Asks: 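Here you go, one structure.
The shown structure was predicted, so the numbers you read here are calculated from the model rather than taken from an experiment. Letters go in sequence order (proteins before strands), and every chain restarts at 1.
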Amino acid sequence: MELKQLYAHELSKHIGESLTVTELEELIEKPKYAKQGDLAFPCFALAKIKRQSPVEIAKGLAQVIHHTLFAKIEANGPYVNCFFDKHQVSAAWMKQILLKGNHYGDVQVGNGEQITIDFSSPNIAKPFSMGHLRSTVIGNALANIVEKCGYHAVRINHLGDWGTQFGKLITAYKHWGVEEKVRANPIPELLKLYVEFHEKAIESPALEDEARAWFKKLEDGEAEAHQLWEWFRDVSLQEFNRIYELLGIHFDSYHGEAFYNDKMERTVELLQEKGLLSPSKGAEVVRLDEYDLPPCLIKKSDGATLYATRDLTAARYRQDTYHFAKAIYVVGQEQQLHFRQVFLTLEKMNYPWAKDMVHVPFGFILKNGKKMSTRKGKVVLLEKVIEEAIELAAKNIEAKNPTLKNKHEVAKQVGVGAIIFQDLRHERQNHIEFSLEGMLKFEGMTGPYVQYTHARACSILANAAAQAIQPSAIGLTDDYSWAVIKQLMAFPNAIETAFKQFEPSEIAKYVFQLSQEFNKYYNQVKVLQADEHMQGRLALVQCVTIVLKEGLRLLGLKAPESM
RNA sequence: GUCCCAGUAGCUCAGCUGGAUAGAGCAACAGCCUUCUAAGCUGUGGGUCGCAGGUUCGAAUCCUGCCUGGGACGCCA
């Protein structure tokens, strides 16, 4: 923030060499209360160096600091509080936002380098549950944020499309499957078959052998096995795509586990060549004793590879293909150990890019304080919840704005927005207690609240345009505008923090706060009132729509102009 | 047993690299629509910041120990 630099610079002129400008900048903070100004410099550190009372130092500094952009410098106890010239600063910032439009807040840390983001990654033939929602929504937001920061995002859906379960699935299908049923209702049918297999296998263990045999055939590329596998994969993907479509999320790659099958051997060879492999209880592992970690398992005792092998292979493939500057994995926190092992193994393989691997873990969705179990069939289906949210949004529109055009589209945007926002407003590491109620809430800290704020603002702009009134970045000085301006100024900062911490909730919190300030403003100030400040107020409103829309976009929400 | 994460208002959560009076949203109660969309705004009540020590001018924030909850810990992913 340039004003902070400016303040640090001005302070530095009177402080001398005891603290550098950057040190000062780090000390300067944003006061808690508006009465305390726009920036505050606490004098404790200085007091220690100069062996003077901080209160005295503050008093002294307050008297000597002057700048045209500062309206007032005030000593308040041990703090030197700085008040900006609202007229000048607000005019300048509004002008900047209007000029940059949706590029306001762009942060140039990246320079077109690629960042791969591995997220969503559902398992074929299994329902898309609430649990997958987190990875999907967080990953997508991170991809948007990363792009906002100057990188190129590669969205990768690492599908769970391989493994012994396909042997079981094929076996079950051959015994009890009906093609038409699967075709009509793929995932539920396939899941039913999968469950049936497990039930029957308890009584007739021969099924397990059969399943193993089918999986072996699949691995050997036998025609029928491969054809069935491909079919299961296709129909599952079609269902997933329906959900991605609803959520407005797309991927650049669907290379899942199966894709790496023929590339695994090379990874094992490389590990061998580098002398990292050691036998252990019949298996092949990479020891990580020096890190005080359990070994990374590469090959089972029967010679088959494991998921660590697959992740190592995928990492190498992605580096070769995309030359990523960072490779992000949006995967649940229960896999933290696994990723540490994989990343350290890459490091032992001497890949310089091993340091660019990052696991972005997130908490579970809990039900009654416990992890939701897929096994017990008590899964809540995401699609159902989305549909319910859309329906509720439609009902609201009917009640509150029945003449709205494209009702259906808006209902979709609002319903989906509620669900995405409900997830992203929480810090990703925290567990989330599953709450249908929470996802179907449109008031308070919700997506619809922010969308509604945006729509209200748009409505003012539309009314103004109808009267041929143009916004103009004229300075505003009242407290309500100023609160909004300050919030607008904080946008780039929110983005930077979100990027540095891989934390979309920073943006969610930000757009909510901006909405709050704007709604207060809206309630207190009549924008379209013909006086000399009207065009300035209009500019403020327009800035708010720009920033809200862009913030929502980063989170993956649409911003309808009316609702 | 070892390691990781969390414990703030009745509920769900903020609180930035320690700083000035502990903050929202739900829920409860009381107000505000002849005026730009009331999916909004205003007000009231509600907190030993898990417990105990320590670091210092100052700790919800940093360190140690303990308690509670969740998770991970070799052939599943």
Asks: Looking at every strand, decide which applies to A:Lys400 at a 4.0 Å heavy-atom threshold: base, sugar-phosphate, or nothing.
Replies: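 Answer is base: heavy atoms of A:Lys400 come under 4.0 Å of a base.
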Asks: Return the set of residues passing ring pair (Phe, Tyr, Trp, His ring centres under 6.0 Å) with A:Phe215 (not counting sequence neighbours), or none when no residue passes.
Replies: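 With neighbours one apart ignored, the set is A:Trp162.
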Asks: Of the nucleotides B:A72, B:A39, B:C41, which has the atom closest to the A:Lys520 side chain?
Replies: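 The closest nucleotide is B:C41.
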Asks: Quick one: does NZ or CZ of A:Lys126 land under 6.0 Å from the six-membered ring centre of A:Phe128, within 45 degrees of the ring axis?
Replies: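 No - A:Lys126 does not lie over the ring of A:Phe128 by the 6.0 Å and 45° rule.
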Asks: Write down the distance separating the P atoms in B:C11 and B:C73, rounded off to the nearest Å.
Replies: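 It comes out at 32 Å once rounded to the nearest Å.
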Asks: Taking atom C1' in both B:A28 and B:A72, what distance in whole Å separates the two?
Replies: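 That atom pair is separated by 42 Å.
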Asks: Among A:Ile187, A:Asn157, A:Thr136, which residue meets the side-chain contact (heavy atoms from CB on, under 4.5 Å) test with A:Phe240?
Replies: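 Answer after filtering A:Ile187, A:Asn157, A:Thr136: A:Ile187.
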Asks: Base, sugar-phosphate alone, or nothing: which one does A:Ala40 contact when heavy atoms must sit under 4.0 Å apart?
Replies: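 Base, at least one base heavy atom under 4.0 Å.
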Asks: So what does A:Pro78 hit on the nucleic acid, given a heavy-atom distance under 4.0 Å: a base, only sugar-phosphate, or nothing?
Replies: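 Since no nucleic acid heavy atom lies under 4.0 Å of A:Pro78, the category is nothing.
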Asks: Applying side-chain hydrogen bond (donor to acceptor under 3.5 Å, both in side chains), can you list everything that pairs with A:Tyr307, at least two apart in sequence or on another chain?
Replies: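 Expected list: none.
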Asks: Using the P atom as the reference point in each nucleotide, state the distance between B:U42 and B:G25 in Å, no decimals.
Replies: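 It comes out at 8 Å once rounded to the nearest Å.
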Asks: Check whether more than 12 heavy atoms from other residues, nucleotides or ligands sit under 6.0 Å from atom CD of A:Glu437, and answer yes or no.
Replies: no
Asks: Is there aromatic stacking of A:Tyr307 against B:C76, centre distance under 5.5 Å, plane angle under 30°?
Replies: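 Here the ring of A:Tyr307 and the base of B:C76 are not stacked, as the 5.5 Å and 30° limits are not both satisfied.
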Asks: With the side chain of A:Asn523 defined as its heavy atoms from C-beta on, choose the nearest nucleotide among B:C41, B:G71, B:C75.
Replies: B:C41
Asks: Show every side chain to side chain donor-acceptor pair (under 3.5 Å) that has at least one partner inside residues 390-403 of chain A, sequence neighbours left out.
Replies: A:Glu398-A:Lys407
Asks: Is there a donor-acceptor pair closer than 3.5 Å between any side-chain N or O of A:Arg428 and the backbone N or O of A:Phe502?
Replies: yes
Asks: Using atom P of each nucleotide, how far apart are B:G7 and B:A14 to the nearest Å?
Replies: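 Result for the P pair: 8 Å, nearest Å.
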Asks: Does NZ or CZ of A:Lys72 lie under 6.0 Å from the centre of the six-membered ring of A:Phe83, at an angle within 45° of the ring axis?
Replies: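 Satisfied, under 6.0 Å and within 45°.
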Asks: Which pairs count as ring-ring contact (aromatic ring centres under 6.0 Å, His included) when at least one residue sits in residues 388-411 of chain A, sequence neighbours excluded?
Replies: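 As it turns out, there is no ring-ring contact (aromatic ring centres under 6.0 Å, His included) pair with a partner in residues 388-411 of chain A once direct neighbours are skipped.
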Asks: Return all side-chain donor-acceptor pairs below 3.5 angstrom for residues 409-418 of chain A, not counting sequence neighbours, or 'none' if the list is empty.
Replies:
none

Asks: Compute the ring centroids of A:Phe41 and A:Tyr7, then answer whether they are less than 6.0 Å apart.
Replies: no
Asks: Kindly state which residues belonging to residues 449-458 of chain A come within less than 4.0 angstrom of RNA chain B, counting heavy atoms of the residue only, listed by number.
Replies: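 Only A:Tyr449, A:Tyr452, A:Ala455, A:Arg456 qualify.
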Asks: Residues in side-chain contact (heavy atoms from CB on, under 4.5 Å) with A:Leu461, at least two apart?
Replies: A:Leu538, A:Val541, A:Gln542, A:Thr545
Asks: Looking at A:Asn430, I'd like to know whether one of its side-chain N or O atoms comes within less than 4.0 Å of OP1 or OP2 on B:G70.
Replies: no
Asks: Would you mind calling B:C5 syn or anti? Take O4'-C1'-N9-C4 for purines or O4'-C1'-N1-C2 for pyrimidines, and syn is within 90° of 0.
Replies: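 You should classify B:C5 as anti.
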Asks: Atom NE2 of A:His198 and atom C1' of B:C76: how far apart are they, to the nearest Å?
Replies: 11 Å
Asks: Would you please indicate yes or no on a ring centroid separation below 6.0 angstrom for A:His359 and A:Tyr329?
Replies: no
Asks: Any N/O pairs under 3.5 Å between the protein and nucleotides 15-18 of chain B? List them or say none.
Replies:
| residue | atom | partner | partner atom | Å |
| --- | --- | --- | --- | --- |
| B:G15 | OP1 | A:Glu427 | OE2 | 3.2 |
| B:G15 | OP1 | A:Lys509 | NZ | 3.1 |
| B:G15 | OP2 | A:Glu427 | OE2 | 2.8 |

Asks: Only Watson-Crick and G-U wobble pairs, only distances under 3.5 Å, only runs of 3 or more: what stems does that leave for RNA chain B?
Replies: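 Result, WC/G-U stems under 3.5 Å: B:1-7 with B:67-73, B:10-13 with B:23-26, B:28-32 with B:40-44, B:50-54 with B:62-66.
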Asks: Extract from the structure each pairing of a protein N or O with an N or O of nucleotides 25-31 of chain B at less than 3.5 Å, listing the distance.
Replies:
| residue | atom | partner | partner atom | Å |
| --- | --- | --- | --- | --- |
| B:G25 | O2' | A:Met445 | N | 3.3 |
| B:C26 | O2' | A:Lys441 | NZ | 2.7 |

Asks: Distances under 3.5 Å only, N/O to N/O: pair up the protein atoms with those of nucleotides 61-64 of chain B.
Replies:
none

Asks: Among all residues two or more places apart in sequence or in another chain, which pass the ring pair (Phe, Tyr, Trp, His ring centres under 6.0 Å) test with A:Phe232?
Replies: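 By the ring pair (Phe, Tyr, Trp, His ring centres under 6.0 Å) rule, A:Phe232 matches A:Tyr173.
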Asks: Describe the nucleic acid contact of A:Leu297 in one word from base, sugar-phosphate, nothing, applying a heavy-atom distance below 4.0 Å.
Replies: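 Base, at least one base heavy atom under 4.0 Å.
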